Amino acid sequence: MPVSARLVNEARRAAGGLPRQFWWLWTSTLVNRLGGFVVTFLALYLTVDRGYSASYGGLVAGLFGLGSAIAAVGGGVLTDRLGRRPTLLVAQLSTAAFTAVLGFADGQVAIAAVAFLVGLASNASRPAVSAMIADLVPAADRVRAYSLNYWAVNIGFGASAAVAGLIATHGYLTLFLLDALTTLLCAVLVFVKVPETMAKAEAEAAEEPAEAAVGLGAVFRDGAFMAVVGVNLLLALVFQQGPTTLAMDMGRHGISTAEYGLVASLNGVLIVLLQLPLTRLMEGRNRTALLVASALLIGWGFGLTAVAGTSAALYALSVAVWTVGEIISAPTMMGLVAELSPARARGRYQGVYSLSWSLAAFLGPAAGGLLLQYAGSWALWGSCAAGGTLAAGAFVAIGRRRPAPDAAPDADRAAEPAAATA
């Protein structure tokens with residue numbers, strides 16, 4: 001069988017048997033990420049195009065992250081109270097509006113304020129999307145569904161990053177307006193094709209114990225869930241070194257900007273190529289084993305950076321190792337969070353889980369930069385290896401306390417062709 005035919009067949013097998021509504025949600029995610037220009041180029045826009053200082057650029061990035069952290073929890077609460085679809089539509093429409101305004105904003109205070117609002121609006125949609133997937137997709141297929149959604153995010157991000165530089169040559173305002181337009185198109189697609197899924201969650205909630213967690217305070221008091229969130233925060237702190245301190249370390253070792261670009265792009269390329277095949281391999285595997293393996297791959301993948309020195313090839317090898325860990329970890333963790341979440345509080349649980357990523361995006365770069373500056377490369381990357389090892393041990397402990405059955409979809413159903421997206 002030709003390679004192209006084998007790839008198509010693999011895609012059909014990995015994507016088969018999922019509800020049509022899921023594919024419309026998947027398509028909206030792809031459309032949204034295809035226009036995700038602003039976050040990628042915000043720092044360059046502020047420091048190069050507008051001439052602001054690096055410290056101001058860092059402040060704006062921090063405010064964007066603060067807005068994202070607030071939205072993670074607030075969006076989760078709204079998802080459960082107002083519904084998934086209304087929350088998603090309001091978040092997307094607000095993101096489109098604020099992104100367009102950011103392109104016209106002038107003055108440091110105005111830009112910083114609007115950047116905060118963009119972070120607030122854009123991240124509010126994440127709990128709603130995650131809750132919708134859990135509502136639409138049976139438990140046995142959720143890891144596969146989250147994996148496919150993660151694949152769409154990375155396809156869109158990779159494509160947008162590749163063309164954004166060319167678009168920016170015509171002016172950064174074009175980037176802001178195109179980003180706003182794709183977000184608006186995403187909202188239109190959701191409005192026309194994606195139904196509200198709260199009824200499915202309410203039907204499941206009717207079968208749950210009456211004391212199931214509902215309030216936000218109850219989420220934070222859920223020890224088993226917060227243990228998972230804590231471990232994810234640790235791994236996310238390690239993972240955040242990829243887009244920040246990795247570039248600094250490579251620069252200190254004389255790696256050129258062109259070589260860094262190639263090494264950094266390897267992450268997205270591998271996710272696009274390997275997400276579906278690895279998803280198929282993950283089916284039927286023990287979840288604890290997958291989480292342990294992903295934690296070790298992420299931690300020790302970053303740890304390998306310590307020995308890279310002046311070799312771009314070794315840096316690329318380290319990126320390849322932790323990228324495989326990322327591919328395994330992301331959908332498996334999302335599936336676990338969905339399982340731990342009572343149906344009536346899925347938005348809140350997904351929001352608190354998303355909060356761990358927002359906190360890591362805020363704390364990780366600062367902590368990594370301090371370690372690199374004052375303790376050196378070995379301390380930084382050794383800490384990453386230690387963090388991955390600690391997370392792996394924590395997953396073992398969590399797995400012993402809460403054994404989970406292998407959630408593998410029926411083989412025949414998984415082999416069905418994917419539902420059409422049109």
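Note that the coordinates shown come from a computational prediction; the quantities given were computed from them, not determined experimentally.
In this structure a side-chain-to-backbone donor-acceptor pair under 3.5 Å is missing from Thr99 to Ala180. Put simply, the side chain of Asn154 gets close to the backbone of Tyr150: a donor and an acceptor are under 3.5 Å apart. Judged by distance alone, the side chain of Arg280 and the main-chain N or O of Leu276 form no donor-acceptor pair under 3.5 Å. Checking side-chain atoms of Tyr146 against main-chain N and O of Ser130 turns up a donor-acceptor pair under 3.5 Å. A donor-acceptor pair under 3.5 Å is formed between the side chain of Asn286 and the backbone N or O of Ala289.
Between the CG atom in Leu18 and the CZ atom in Arg142 there is a gap of 12.0 Å [rounded to 0.5 Å]. Asn232 contributes atom CG, which lies 6.5 Å from atom OG of Ser329 (distance to the nearest 0.5 angstrom). The distance from the CG atom of Leu59 to the CG atom of Leu66 is 10.5 Å, given to the nearest 0.5 Å. In this structure, the separation between CZ on Phe116 and OG on Ser68 is 9.5 Å, given to the nearest 0.5 Å. To the nearest 0.5 angstrom, Gln240 atom CD is 10.0 Å from Leu363 atom CG. Considering CG of Leu30 and CG of Asn149, their distance stands at 10.0 Å, rounded to 0.5 Å.
Here the closest heavy-atom approach between residue Gln241 and residue Gly368 is recorded as OE1-CA, 3.2 Å. In terms of heavy-atom proximity, Gly83 sits nearest to Met198 at CA-CG, 3.7 Å. Closest approach of Ile255 to Ala312, counting heavy atoms only: CD1-N, 4.0 Å. Shown here for Gly75 and Thr79, the closest heavy-atom pair between the two residues is O-OG1, 2.7 Å. The two residues Val194 and Arg85 come nearest to each other via the heavy atoms O-NE, 2.7 Å. In plain terms, the two heavy atoms of Ile271 and Thr323 that are nearest each other are CG1-CG2, 3.8 Å.
Under the side-chain contact (heavy atoms from CB on, under 4.5 Å) criterion, Gln108 pairs with Tyr52, Tyr56, not counting sequence neighbours. Residues satisfying the ring pair (Phe, Tyr, Trp, His ring centres under 6.0 Å) test with Phe176, not counting sequence neighbours, are Tyr45.
The only option from Asp179, Val114, Val60 that meets the side-chain contact (heavy atoms from CB on, under 4.5 Å) definition with Leu102 turns out to be Val114. Each of Val137, Leu88, Leu189, Thr197 was compared with Leu25 under the side-chain contact (heavy atoms from CB on, under 4.5 Å) criterion, and only Leu88 meets it.
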Would Val143 and Met334 count as a side chain to side chain contact (heavy atoms under 4.5 Å, CB included) if you check the C-alpha gap in whole Å, the side-chain angles of each, and the deciding distance to 0.1 Å? CA-CA 7 Å; Val143 169; Met334 292 295 291; over 6 Å; no
I'd like to know whether Val352 forms a side chain to side chain contact (heavy atoms under 4.5 Å, CB included) with Leu216, so could you lay out the CA-CA distance, the side-chain angles of the two residues, the decisive distance to 0.1 Å, and finally the verdict. CA-CA 9 Å; Val352 173; Leu216 185 60; 4.1 Å; yes
Show your reasoning for whether side chain to side chain contact (heavy atoms under 4.5 Å, CB included) applies to Val190 and Gln92. CA-CA 10 Å; Val190 170; Gln92 290 171 339; 3.8 Å; yes
Worked check of side chain to side chain contact (heavy atoms under 4.5 Å, CB included) between Arg20 and Lys193: CA-CA 10 Å; Arg20 181 180 295 272; Lys193 290 294 185 180; over 6 Å; no
Would Asp80 and Arg346 satisfy salt bridge (charged side-chain N to carboxylate O under 4.0 Å, His left out), going step by step from the backbone distance to the final call? CA-CA 7 Å; Asp80 289 331; Arg346 275 179 180 150; over 6 Å; no
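Contact annotation: the side chain of Gln350 never approaches that of Arg126 to less than 4.5 Å [non-hydrogen atoms, C-beta and beyond]. Inter-residue side-chain proximity for Asp249 and Thr305 is flagged as met; some heavy-atom pair is nearer than 4.5 Å. When side chains are defined from C-beta on, Ser294 does not count as touching Leu290, because their heavy atoms never get closer than 4.5 Å. Val229 has its side chain out of reach of Leu233: every pair of non-hydrogen atoms, C-beta onward, lies at least 4.5 Å apart. Taking the side chain as every heavy atom from C-beta outward, Ser358 and Asn123 approach each other to under 4.5 Å. Side-chain contact between Glu339 and Arg287 is present, with at least one heavy-atom pair separated by less than 4.5 Å. Between Trp381 and Thr245 there is a side-chain heavy-atom pair separated by less than 4.5 Å. Using a 4.5 Å heavy-atom threshold, the side chains of Phe395 and Leu235 count as touching.
Side-chain polar atoms of Asn267 and Glu326 form a donor-acceptor pair below 3.5 angstrom. Using modelled atom types and a 3.5 Å distance limit, the side chains of Ser147 and Gln275 yield a donor-acceptor pair.
Here Tyr349 and Phe225 bring their ring centres to under 6.0 angstrom of each other.
Between Trp151 and Trp26, the angle of the ring planes lies from 30° to 60°, which puts this pair in the tilted group.
The number of heavy-atom neighbours closer than 6.0 Å to CH2 of Trp300, taken from other residues, nucleotides and ligands shown, is 12 or below.
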